[in-house]
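Each chain gets a letter, A, B and so on, in the order its sequence line appears, and its residues count up from 1.
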Amino acid sequence: DFANSSIINMYSKAGSLDEARRIFTEFKSTTANLVCWTAMLAAYAQHEENEQALQLYREMNLEGLKPDDITFATALTVCASLGELCEGRRIHQRAKCRDSDVVLGTALVDMYSKCGRLAEAKAVFDGILEKNVFSWTAMVGGYAHNGHGAEAVELFKEMVNSAKIAPNQVTFTSVLSACSHAGLVEEGKEFFNVMSTVHGVEPSAEHFGCMVDLLGRAGRLEEAENMIRSMPMRPD
RNA sequence: AAAGAAACGUGG
């Protein structure tokens with residue numbers, strides 16, 4: 001099992017979902033344990049085979065395997081991608097007493113956010129005991145996704161100024177996207193400016209993409225073009 | 001015990 005879960009993981013990350021599935025199927029009914037099932041679940045999730053992932057999650061429950069928090073977090077990612085609020089809620093119900101755990105809690109925040117349940121996402125977020133950059137970014141992204149740009153920006157500032165958590169590239173993608181949808185042009189330009197100068201995060205092509213989107217939506221086409229011209233990498 | 005786990009812009 002030690003070997004099988006590693007092999008499933010290795011094939012999956014190397015991009016061969018078929019090989020991972022072949023190995024898993026071979027051991028599924030004999031020696032596969034929870035870790036193997038979770039590795040296969042993660043493999044489906046990483047390859048965006050969310051329907052198959054959900055089916056596998058339900059199958060493992062029928063088989064009588066008891067999912068742990070890692071399994072739940074993985075399954076919640078799948079629910080988030082599918083907008084599968086019912087199954088997500090069932091998972092929350094089953095793991096309710098542990099939703100202050102940073103990994104499980106963050107997965108719940110993301111699931112509720114992607115299912116459009118911001119109030120529930122925020123309630124879980126507030127209860128997470130040791131919030132890290134993943135948790136903060138998930139919540140900022142949740143506001144951004146649901147069109148609450150001002151709240152996303154506000155939370156981002158709280159993260160940096162009060163919680164003193166260092167934002168990373170993903171955080172900036174989320175906050176810039178929030179600015180773009182809320183029409184917060186000057187605020188977005190300022191974030192883009194300080195991300196490298198203050199926070200030491202070099203803008204990637206995605207960040208330039210966010211800025212072009214932000215300026216373009218605001219009708220500031222000349223500035224958008226200049227942004228593209230200033231890219232150190234090849235625009236896609 | 002160990003192997004499996006959470007956040008990722010725009011357009012489509």
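- Glu59(A) places a side-chain heavy atom less than 4.5 Å from the side chain of Lys28(A).
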Worksheet entry | Test log, rule ring pair (Phe, Tyr, Trp, His ring centres under 6.0 Å), inputs Trp37(A) and Phe24(A) | CA-CA 8 Å; Trp37(A) 283 76; Phe24(A) 175 73; 5.2 Å; yes

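- Screening residues 103-131 of chain A for ring pair (Phe, Tyr, Trp, His ring centres under 6.0 Å) gives His92(A)-Tyr112(A), Phe125(A)-Trp136(A) as the qualifying pairs, with residues at least two apart or on separate chains.
- Of the side-chain N and O atoms in Gln46(A), one or more sit less than 4.0 angstrom from OP1 or OP2 of A5(B).
- Criterion: ILVMFWY side-chain heavy atoms under 4.5 Å apart, direct or through other members. Under it, Met211(A) and Leu184(A) are part of a common hydrophobic cluster.
- In this structure, the nucleotide among G4(B), A3(B), A6(B) sitting nearest to the side chain of Thr38(A) is G4(B).
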Tabulated below should be each protein N or O lying under 3.5 Å from an N or O of nucleotides 9-12 of chain B; please produce it.
from, atom 1, to, atom 2, distance (Å)
U10(B), O3', Arg217(A), NH2, 3.2

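- At A6(B), none of the side-chain N or O atoms of Lys114(A) fall inside 4.0 Å of OP1 or OP2 (strictly under the cut-off).
- Donor-acceptor pairing under 3.5 Å, judged by distance alone, is present between the side chain of Asn168(A) and the base of A7(B).
- In this structure, Glu63(A) places its CD atom where more than 12 heavy-atom neighbours from other residues, nucleotides or ligands lie under 6.0 Å away.
- Within 4.0 Å (heavy atoms only), Leu214(A) reaches no atom of the nucleic acid at all.
- Following rounding to the nearest Å, Phe24(A) (CZ) and G4(B) (P) show an atom-to-atom distance of 16 Å.
- To the nearest angstrom, P of G4(B) lies 17 Å from CG of Leu56(A).
- The separation between Ile70(A) atom CD1 and G4(B) atom P is 8 Å, rounded to whole Å.
- A donor-acceptor contact shorter than 3.5 Å links the side chain of Asn146(A) to the backbone of Ser113(A).
- Among A7(B), A3(B), A5(B), the nucleotide with an atom closest to any side-chain atom of Ala138(A) is A7(B).
- The CE-P distance, from Met60(A) to G4(B), rounds to 15 Å in whole Å.
- Atom pair Phe27(A):CZ and A3(B):C1' shows a separation of 15 Å (rounding to whole Å applied).
- Of the candidates A7(B), A3(B), G4(B), the closest approach to any side-chain atom of Thr71(A) belongs to G4(B).
- Nucleotide A1(B) holds its P atom 12 Å from the CG atom of Asp68(A), rounded to whole Å.
- Phe208(A) places none of its side-chain heavy atoms less than 4.5 Å from the side chain of Pro235(A).
- A donor N or O paired with an acceptor N or O is not found under 3.5 Å between the base of A5(B) and the side-chain atoms of Asp101(A).
- As rounded to whole Å, 13 Å separates atom C1' of A5(B) from atom CD1 of Ile91(A).
- Atom CH2 in Trp136(A) sits about 14 Å away from atom C1' in A7(B), given to the nearest Å.
- Using a cutoff of 4.0 Å between basic side-chain nitrogens and carboxylate oxygens, Arg22(A) and Asp18(A) are not scored as salt-bridged.
- Remark: the Asn132(A) side chain and the A6(B) base include a donor-acceptor N/O pair separated by less than 3.5 Å.
- Residue contacts shown for Val140(A) are absent, as no nucleic acid heavy atom lies under 4.0 Å away.
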